[in-house]
Amino acid sequence: MGSLVVVGAQWGDEGKGRVVDLLSEQADVVARFQGGANAGHTIVADGEEYILHLIPSGMVRGKTCLIGNGVVLDLPTFFEEVDHLTGRGMNLEGKLFVSDRAHITLPYHRLLDAAREAANPARKIGTTMRGIGPTYVDKMMRIGVRVCDLFEEDLLAEKITANWEDKTHGLRHLTEEQRPNPDAVLGQYLLFAARLKPFVADCSVILEEARREGKHILFEGAQGTGLDIDFGTYPYVTSSNTIAGGACTGTGVGPTHIDHVAGIAKAYTTRVGEGPFPTLMEPFLEERCRKIGHEFGATTGRKRLCGWFDAMLVRHAARVNGLGSLILTKLDVLDEFETIKLCTGYMYKGEPLSHFPSSLRVLAQCEPIYEEWPGWMTPTGGVRRFSELPEAARDYIRRVEEVCNVPIALISVSPSRESYIALDQSLLRYDFSVPEAISSES
Ligand code: IMP
């Protein structure tokens, strides 16, 4: 039995969907704990591609899936995904649960998100426009609409009307027709409520029961540590705690019941939206990386910026998440690079920095310290054993492990389910022995 939290160690899009799909094979329960329809997990299973924004990737394997209280629930997206999965023959009954404490994203949240982004280009975050920030604002302001409120019609009507009045200032640029009508919103959400009812549960209770029964539980993070509201590159972050601690507050499981935390990092780095990116590649290589790695947002289709592996960022992620192991993804994207740069730290005003800075002004003045590693110029997509990788690839991976100071447990080498190298099987088995560092091998 074991509880595993999987988080992104960079700025999101690390390939979590694919890894969670793999790790959910042995899981009994898969839970999401933060974010909302801003996430986009792509899973390729049996030749079919699934893109899920809200429903945990484990659903593709027919696992019990939970959407925790820390998630902000966009109901039209949720039902679209339910229809998509049931349309492919999946039975979600008794398998998919939504926390009664999760907050609901309402139509005005999306409009407010767009209005905030458009208001001042200098303060734009580059959000996914899914209403994430405004939904969490309401949650923290203690005026949010929760799933359990959907079943109390008078309370729901009262909240929507009061919030509506509260938001009119932010939406004053819209015409009457463009603004959602509160009565229409109420009517629509009462219909949603009826449809949602069979999925609603106290997810904390389900998790506790699963734990007592010795089940394997996988907590699936969305976005990445660089986008965490507290430990990311604020304000260019999302509005939730993407780090492992969020698994506790976002599902109702205590920290003593988490057995292991695995961080996912690409063999390089990407970022979408505004915000600093110290290891951005040279334009020609960046373009090449984006093309080979299909680096376009699963939710918005936006171009992702591509950069070299940033060990300063991943060490920061290792600390704030308590990473017990690292999963390296998309190694194959580097197959055609003659030289690969690896950022081992930052220089600031002529001195090496000891840790990832909190101030964006400091970050903007940091110069990455690079090592250059020879590329392997050989396809790695078919490799299933570490020893069969080209020597230059093994050297690069060992060095990544060394500079991040976290053992690498898995490496993925192509998007399909079976394309990975397992350096440590314990993650897949949920027994969480301490993985042996490959960098200590001779
Ligand atoms: P929001 O979460 O839509 O408010 O966007 C805030 C920031 O997080 C923006 O820079 C987005 O591009 C980024 N972001 C949100 N979700 C994801 C994701 O799933 N992958 C990568 N970046 C994301």
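The basis for the numbers below is simple: all heavy atoms, side chains too, and nothing from hydrogens, waters or symmetry mates. Note that ligands are numbered from 1 as they come in the structure, with each ligand's atoms numbered from 1 the same way.
- Here is the list of ligand 1 atoms found below 4.0 Å of a heavy atom in Trp11: 21 (C), 22 (N).
- Evaluated by nearest non-hydrogen atom to atom 11 (C) of ligand 1, the leading choice among Gly35, Pro235, Gly126 is Gly126.
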Notebook entry, point to check: Hey, mind stepping through Tyr346 and Asp310 against side-chain contact (heavy atoms from CB on, under 4.5 Å) and telling me if it holds?
Noted result: CA-CA 9 Å; Tyr346 299 161; Asp310 184 343; 2.4 Å; yes

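- Protein heavy atom at the shortest distance from atom 3 (O) of ligand 1 is Thr128 OG1, 2.5 Å.
- Atoms of ligand 1 lying under 4.0 Å from at least one heavy atom of Val237, given by number and element, are 6 (C), 7 (C).
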Check: What's the verdict on side-chain contact (heavy atoms from CB on, under 4.5 Å) for Tyr370 and Thr279, showing C-alpha distance, side-chain angles and the deciding distance?
Finding: CA-CA 9 Å; Tyr370 282 123; Thr279 64; 3.5 Å; yes

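- Between Thr238 and ligand 1, at least one N/O pair is under 3.5 Å apart.
- Among all protein heavy atoms, the one lying closest to atom 14 (N) of ligand 1 is Leu227 CD1, 3.8 Å.
- Taking only nitrogen or oxygen atoms, main chain and side chain alike, Asp13 reaches within less than 3.5 Å of ligand 1.
- Against a heavy-atom cut-off of under 4.0 Å, Ala39 is close to the following atoms of ligand 1: 19 (O).
- Applying the salt bridge (charged side-chain N to carboxylate O under 4.0 Å, His left out) rule to pairs touching residues 220-248 yields nothing, sequence neighbours excluded.
- Partners of Tyr189 by ring pair (Phe, Tyr, Trp, His ring centres under 6.0 Å), not counting sequence neighbours, listed by chain and number: Phe192.
- Lys341 and Glu282 are joined by a salt bridge, as a carboxylate oxygen and a charged side-chain nitrogen come within less than 4.0 angstrom of each other.
- Here is the list of ligand 1 atoms found below 4.0 Å of a heavy atom in Val272: 10 (O), 12 (O), 21 (C), 22 (N).
- The distance from ligand 1 to the heavy atoms of Arg302 drops below 4.0 Å at these ligand atoms: 11 (C), 12 (O).
- For Thr127, no nitrogen or oxygen atom sits less than 3.5 Å from a nitrogen or oxygen atom of ligand 1, counting backbone and side chain alike.
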Next item on the list: Mind running ring-ring contact (aromatic ring centres under 6.0 Å, His included) on Tyr236 and Trp11 for me, showing each step along the way?
Entry: CA-CA 10 Å; Tyr236 300 104; Trp11 278 290; over 10 Å; no

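- Counting only heavy atoms from C-beta outward, the side chains of Trp376 and Phe337 never approach each other to under 4.5 Å.
- The closest non-hydrogen atom to atom 19 (O) of ligand 1, taken over Asn38, Val72, Thr233, comes from Asn38.
- Residue Gln223 places a heavy atom under 4.0 Å from ligand 1.
- Contact between Trp373 and Glu371 at its shortest, heavy atoms only, is NE1-OE1, 2.9 Å.
- Taking every heavy atom of both residues into account, Asp202 and Asp100 meet most closely at CA-OD1, 3.8 Å.
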